[in-house]
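Just below is one structure, and these are the notes that go with it.
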Amino acid sequence: MTAYDSNNIFAKILRGELPCYKVYEDEHVLAFLDIMPRSPGHTLVIPKAPSRNILDITEEDYLHVARATRKIAPAAMATFKADGVTVQQHNEPASGQVVFHLHVHIMPRQDGVALLAPASRKEDPKVLEEHAARLSAALRG
Ligand code: AMP
């Protein structure tokens, strides 16, 4: 098992060294928009604890991510008027993981609309700003 590398891009976001389109934060997790969304509202939930993926995260930290995912998924469906939601999480390169800080993908889905391929299109920052504002407002209730 490869050790956690604290220079990964999500660790830099957690340290405030890189910006993100934040939608939710609590003591244990941060959630922000994927800048190359595979569907409108594609959100990533990450633990604040340094974990590479499901193979090294503690049960407690994983449960914090699961709780936040369960909170954000229905809010994302409602905000983006989706018919469903795909929740996905990759572990190690063989599975498609490219950023090595655990993250859960929340992707709102429309009937009959396929997901874009991973990292195929960078979204317009104005659209991301607007989507983050709408989703974070929904989560604040
Ligand atoms: P994975 O293939 O599960 O490791 O997914 C990594 C995801 O991170 C991809 O969907 C990328 O589009 C996304 N991503 C990469 N850099 C950033 C960033 N700076 N902010 C938000 N999402 C990012």
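Just so you know, ligand 1 is whichever comes first in the structure, and atom 1 is the first atom listed for that ligand.
- The residues E130 and R134 are annotated as salt-bridged, a charged nitrogen and a carboxylate oxygen being separated by less than 4.0 angstrom.
- Pairs passing the side-chain hydrogen bond (donor to acceptor under 3.5 Å, both in side chains) check and including a residue from residues 11-21, sequence neighbours excluded, read R15-E17.
- Interface atoms of ligand 1 facing L44, defined by a heavy-atom separation under 4.0 Å, are 8 (O), 22 (N).
- Distances from ligand 1 to the non-hydrogen atoms of Y21 include no value under 4.0 Å.
- At least one side-chain heavy atom of I35 sits under 4.5 Å from a side-chain heavy atom of K122.
- Checked against a 3.5 angstrom limit, the closest N/O atoms of H103 and ligand 1 fall inside it.
- Contact atoms of ligand 1 toward L33: 21 (C) (distance under 4.0 Å to a heavy atom of the residue).
- Of the charged side-chain nitrogens involved, at least one lies within less than 4.0 Å of a carboxylate oxygen, so that E92 and R52 count as a salt-bridged pair.
- Not a single heavy atom of L18 sits under 4.0 Å from any atom of ligand 1.
- Nearest to atom 13 (C) of ligand 1 by heavy atom, out of D34, I9, I46, is D34.
- The shortest separation from a heavy atom of F100 to ligand 1 is not under 4.0 Å, leaving the residue out of contact.
- Ligand 1 lies within reach of H105, whose nearest heavy atom is under 4.0 Å from it.
- Between Q88 and ligand 1 there is no heavy-atom distance shorter than 4.0 Å.
- Heavy-atom distances between G96 and ligand 1 reach below 4.0 Å in at least one pair.
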